[in-house]
Amino acid sequence: MLSNRPVISLLFLLNISIYLPINALNSEGQTLVSWLSAFNSSPTSSLFSSWNPAHKNPCSWSYITCSTDGSVSEFKIKSINLPTTFPTQLLTFSSLTTLIISNANLTGLIPPSIANLSSSLTTLDLSYNALTGNIPPDIGKLSELRFLSLNSNSLIGEIPPQISNCSNLQRLELFDNRFSGKVPAELGRLFGLEVFRAGGNAGIHGEIPSEISNCQGLLVLGLADTAVSGEIPVSFGQLRNLRILSIYTTNLSGKIPSEIGNCSSLENLYLYENRLIGEIPPELGMLKNLKKVLLWKNNLTGSIPEALGNCTALTVMDLSLNSLSGEIPQLFSNLEVIEELLLSYNNISGRIPPFFGNFSRLKQLELDNNGLSGEIPTEIGRLKELTQFFAWQNQLHGNIPSELGDCEMLELLDLSHNFLTGSLPNSLFNLKNLTKLMLISNGFSGEIPPDIGNCSSLIRLRLGSNRFSGRIPPEIGLLRSLSFLELSENQLLNEIPPEIGNCTQLEMLDLHDNRLQGTIPTSIEYLVSLNVLDLSINRISGSVPESLGNLTTLNKLLLNGNYITGLIPKLLGLCKDLQLLDMSSNRISGSIPDEIGNLQGLDILLNLSWNYLSGPIPEGISRLSKLANLDLSHNMLTGSLSVLGRLENLVALDVSYNNLSGYLPDTVFFHDLPVASLAGNRDLCTSGDKCFVNVSDAFVGKRLSGRISRNGIFGLVFSIGVAVVFLIIGLVLMFRAWRRVVDKKEEERLWEWEITPFQKLRFSIDDVLMKLLDSNVIGQGSSGKVYRVETRTGQVIAVKKIWPTKNCEFSERDSFSAEVIDSDHTKSSNAVAGSYGYIAPEYGYSMKITEKSDIYSYGVVLLEVLTGMQPTDPRIPEGTHIVNWVRKELRKKDRETVDILDRQLQGQPDSHIQEMLQVLGVALLCVNPSPEERPTMKDVAALLEEIRQSTEDSAQDDASCKGYTASPKADHCSSFSRPSQPLMRSPSFSYSSSSSRVIFE
């Protein structure tokens, strides 16, 4: 028996070995498999097919690197969607030196247990994920850490000063998160730090600590798109190794320190969109390695330093949107490798230097909105790489040099708003890459060359406000990519070429104010993308084509001021997106088609005045529920106005000089309608026997003069009849004239006003807001509804809620004026006119409330909305009124215009800020001290609409202007699409009612 024991023991061991794996997976491998099991049911798990549990260790697996002893040393996963949180299991790997999980949609928090890797971890990259929460202070225990990248997450809280304990840290990337607080001064202890980027964190504020300058090895410093403020530390001059200084779109103030010139390694200097003042330090000329300098949109003054011409490595210089003056330095001729030179929106004078022609690499040249004079140098034609040339809004004169046609790469050319003359060189139309040609508002003459058809890539062609003559060349039809065609305000003759129908991408066709003749070409029906068609103020005849009804995307149709005859097409009712229709001052006859009521989007204007329209106002017009302005005056319409009583949003109406009859609709709007809007309708009555037969002789005379050419025979017969019966009715007319004088005096007595300042009344804005209900409406004027409001003290007042335009959405608090009324809803003879600081200055000497005073109130409303201030706000020093305060602030040279805006609005995107500044300009027009200089509400609506349209155009045309990149472009949203609406830069601006434009000078 004893002899068999060794055999039995051997068999037992062999039996056990059958059930034990020969190569068991080590513990780190098992940990990884366990982590993978958390999402092994997702499609992502297929990317981990190499993770075989049968292996001895994970060293051959994807994303894993091991050290020589078989321990996991590196874990790298990039651009793989991991539906999981931070893998805390990895924090047990004692030899892990590199942990990279980037762009993986990782969620959750960074665990404090990250400190477990304190003795090994050198690289931690969790960038481009969805991590939340704070950075754990324990991260400061990672004493071996060299590279920390936590950028592009949703991390919050302050940057923990404990990071400064990572004494070996070389790269710290925290940008594009939601961090707040100040930049910790303790970071200055990271003597080996080479890259520090914390931009894109709007909550980071306060001054930049000068201790950062202790990081002598710093190569990149980025704090862009934050709220850091104060001055740039002078000590930054000690950063001799610094290559990129990026602190743009922040609240930096003060001067650019001249010590920056000591940063001898500096290549990229990005300080744009700040509040920097003073001159550009000439010491920047010592930066021989400087490649890009972007200082646009600050408050820099003085001349451009000549010394910048010593920076011969410069490829991009953007100094635009400042207040720089003087001439372009002669030493700039040394900048032979420059690719982008952007000097727009300054006060630069002198001539465009001919040496620009030596910049053989120049791609982008922006000189617009300055005071440049002289001619465009022919040397510009040598720029074979030039793609963009802006010189609009200057004082350039002379011809466009034919050599400009040699810039074979040119795509964008804008020379608008200068004093250029002569004809267009044919060579210009040999530019095969030209997409946008803008020559608005110059003195160009001659014919538009037929060669224009060669520019097949043209998208926008705007030649308006010049002196072009001759015909529109048929070759225009070859421009199949054209979306905007503006040839308005010229002297163009002959017919509109039918070939224009080949431009099927057209969105805007503006030919207004020319001398065009003939008929509207039926080929226009093929322009199915058309939004705006303006053929007004020409000599076009014939009828309106029925095929215009095919233009279903049309939102503005202007045919007014022509010789158009025939009927209004019924198919026009198919243009469901139409917002504005103006066919006035033509010779259109027949009835208004009922189909006009299908234009449910018509909200701005319907103007059919000064035609030969007859018959009753169709029932369909009552369906135009959004319509604000309706003008049917000077026609031969008959019947009643009852259908108009259902237009609830109507603000302005003119039906004068027709043959209308019956009683006015019994609505508040018609009760307050001015007499002039109803004049010339002899059988139209208000109530009882009060009909417009009694309207003043002046109105009658106007009516007759307006009809004399149309009704010559009738006028002759009428004159003879008047002569025959003159003696008989003379006494009757004298009696009626006397009666009218008495009635007029009585009416004026009833409308007398006694002025009392609003502040003396005992009610607040909240008293008013609670009562702005439809049940309290007692009237409606030319610019808004009137409400009856009884205050808590029992005082009864009338409140007018001023009419906002379609694209201005205000709260109930935005706009109202008030007046005391009697309990019977009639105006008291001792009424009190005023508003919550809205009162127009002329109230002090005038007894009338006019549309111009309403415009003033509307302007105050806009200022309130934009500034966040009340008209008499306690935050405004010395009790100054908001209007005077805004004007005063705009005059301050050290004040950025955007600072006037409400702080809650200042965080909006740049495009929105610019739109708000344009609206600010409109507001200042409205509050002009002189009533005559204020625009009408119609003009205000047009201005605001144009600002909105301009913003939409900019969004389509301009490149993105946001974000920090390793090589950011100087594409600061040039106003290529807005040559007629430049950005607001000062309180000096003018207004043109004929073009409904605000021009900021």
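In this chain, numbering begins with 1 at the start of the sequence shown. FYI, side chains are in, hydrogens and waters are out, and symmetry mates aren't considered; it's all heavy atoms of this structure. On a predicted model such as this, the values are computed, not experimentally measured, just so you know.
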Subject >> Nearest atoms (heavy-atom pairs only) where T504 meets Y526 >> reply: CG2-O, 3.9 Å
Original post:
Does the pair L660 and I617 meet the rule for a side-chain contact (heavy atoms from CB on, under 4.5 Å), with working shown?
Top reply: CA-CA 9 Å; L660 298 168; I617 299 173; 4.3 Å; yes
**OP:** Check whether any side-chain heavy atom of H417 sits under 4.5 Å from a side-chain heavy atom of I440, and report yes or no.
**Re:** yes
Original post:
Looking at side-chain heavy atoms only, is the closest gap between L580 and D582 below 4.5 Å?
Top reply: yes
**OP:** Starting at CG of L605, measure out to CG of N607 and round the result to the nearest 0.5 Å.
**Re:** 5.0 Å
Original post:
Does some side-chain heavy atom of L412 sit less than 4.5 Å from a side-chain heavy atom of F390?
Top reply: yes
Original post:
Can you name the nearest heavy-atom pair linking P569 to P593, along with the distance?
Top reply: O-CG, 4.3 Å
Original post:
Ignoring hydrogens and geometry, is there a side-chain-to-backbone donor-acceptor pair from S677 to L653 under 3.5 Å?
Top reply: yes
Subject >> Those residues that, when tested against E546, pass salt bridge (charged side-chain N to carboxylate O under 4.0 Å, His left out) (two or more places apart) >> reply: none
Subject >> Backbone N/O of S584 and side chain of N586: donor-acceptor pair under 3.5 Å >> reply: yes
**OP:** For the residue pair N555 and Q579, confirm or rule out a side-chain donor-acceptor distance under 3.5 Å.
**Re:** no
Original post:
Can you name the closest pair of heavy atoms from L559 and M583 and give their distance?
Top reply: CD1-CE, 4.2 Å
Subject >> Any donor-acceptor pair under 3.5 Å from N454 side chain to I452 backbone >> reply: no
Subject >> Side-chain donor/acceptor of D510 to backbone N/O of H512, under 3.5 Å >> reply: yes
Subject >> Exercise: do E366 and Q364 side chains pair donor with acceptor under 3.5 Å >> reply: yes
Original post:
Which is it for L920 and L863 under the side-chain contact (heavy atoms from CB on, under 4.5 Å) test, yes or no, and what are the steps along the way?
Top reply: CA-CA 7 Å; L920 179 60; L863 293 179; 3.5 Å; yes
Original post:
So with a 6.0 Å cut-off around NZ of K363, is the heavy-atom count from everything else above 12?
Top reply: yes
Subject >> Side-chain donor/acceptor of S344 to backbone N/O of D368, under 3.5 Å >> reply: no
Original post:
Just by modelled atom types, is the L608 backbone N or O under 3.5 Å from a matching donor or acceptor in the N635 side chain?
Top reply: yes
Original post:
With a 4.5 Å limit on heavy-atom distance, are the side chains of L578 and L551 in contact?
Top reply: no
Original post:
Backbone N or O of I540 within a donor-acceptor pair of the N562 side chain at under 3.5 Å?
Top reply: yes
**OP:** Answer yes or no: is there a side-chain heavy-atom contact under 4.5 Å between S483 and R460?
**Re:** yes
Subject >> Reported CG-to-CD1 distance for the pair L485 and I459, which is rounded to 0.5 angstrom >> reply: 13.5 Å
**OP:** Take the angle between the ring planes of Y345 and W392 and call it parallel below 30°, perpendicular above 60°, tilted in between.
**Re:** perpendicular
Original post:
Could you go step by step and tell me if N550 and E525 meet the side chain to side chain donor-acceptor pair (under 3.5 Å) rule?
Top reply: CA-CA 6 Å; N550 296 332; E525 68 176 300; 3.1 Å; yes
Subject >> Side-chain donor-acceptor pair present, D939, T936, cut-off under 3.5 Å >> reply: yes
**OP:** Report the C-alpha distance between F444 and I400 in whole Å, list the side-chain angles of each, state the deciding distance to 0.1 Å, and finish with yes or no for side-chain contact (heavy atoms from CB on, under 4.5 Å).
**Re:** CA-CA 9 Å; F444 293 116; I400 295 179; 3.6 Å; yes
Original post:
Can you tell me how far the CG atom of N490 sits from the CD1 atom of I448, to the nearest 0.5 Å?
Top reply: 6.5 Å
Original post:
Between the main-chain N or O of L613 and the side-chain N or O of N611, is there a donor-acceptor pair closer than 3.5 Å?
Top reply: no
Original post:
With D594, which residues qualify under salt bridge (charged side-chain N to carboxylate O under 4.0 Å, His left out), at least two apart?
Top reply: R623
Subject >> Atom pair CG/CD1 of L637 and I592 - distance to nearest 0.5 Å >> reply: 5.0 Å
**OP:** Taking all heavy atoms of R587 and all of Y612, pick out the closest pair and write down the distance.
**Re:** CA-CD1, 3.6 Å
Subject >> Candidate pair E619 and R646, rule salt bridge (Lys or Arg N to Asp or Glu O under 4.0 Å), full reasoning >> reply: CA-CA 10 Å; E619 185 72 22; R646 287 168 255 169; 2.5 Å; yes
**OP:** To the nearest 0.5 Å, tell me how far N466 CG sits from S441 OG.
**Re:** 7.0 Å
Subject >> Shortest non-hydrogen contact between F429 and P449, atoms and distance >> reply: CE1-CG, 3.5 Å
Original post:
Under a 4.5 Å cut-off applied to non-hydrogen side-chain atoms, are I520 and I564 in contact?
Top reply: yes
Original post:
Which is it for T552 and L554 under the side-chain contact (heavy atoms from CB on, under 4.5 Å) test, yes or no, and what are the steps along the way?
Top reply: CA-CA 6 Å; T552 55; L554 204 61; over 6 Å; no
Original post:
Is a side-chain donor or acceptor of N629 paired with a backbone partner of I604 at a separation under 3.5 angstrom?
Top reply: yes
Please tabulate, for side-chain N and O atoms in residues 529-538, each donor-acceptor pair with protein atoms closer than 3.5 Å (sequence neighbours left out).
from: N531; atom 1: ND2; to: T553; atom 2: O; distance (Å): 3.2
from: D534; atom 1: OD1; to: S536; atom 2: N; distance (Å): 3.1
from: D534; atom 1: OD1; to: S536; atom 2: OG; distance (Å): 2.6
from: N538; atom 1: OD1; to: N514; atom 2: N; distance (Å): 3.1
from: N538; atom 1: OD1; to: R515; atom 2: N; distance (Å): 3.3
from: N538; atom 1: OD1; to: L516; atom 2: N; distance (Å): 3.0
from: N538; atom 1: ND2; to: L511; atom 2: O; distance (Å): 3.1
from: N538; atom 1: ND2; to: L535; atom 2: O; distance (Å): 3.1
from: N538; atom 1: ND2; to: S536; atom 2: O; distance (Å): 3.1

**OP:** Give, for atom CG of L424 and atom CD of E447, the distance between the pair rounded to the nearest 0.5 Å.
**Re:** 11.5 Å
**OP:** Find out whether L558 and L581 are in side-chain contact, i.e. whether some heavy atom of one side chain is under 4.5 Å from a heavy atom of the other.
**Re:** no
Original post:
Does any non-hydrogen side-chain atom of R480 lie less than 4.5 Å from one of Q505?
Top reply: no
Original post:
Looking at V919 and L862, what are the two nearest heavy atoms and their distance?
Top reply: CG1-CD2, 4.2 Å
**OP:** Using atom types as modelled and distance alone, determine if a side-chain donor or acceptor of S457 lies under 3.5 Å from a backbone N or O of L434.
**Re:** yes
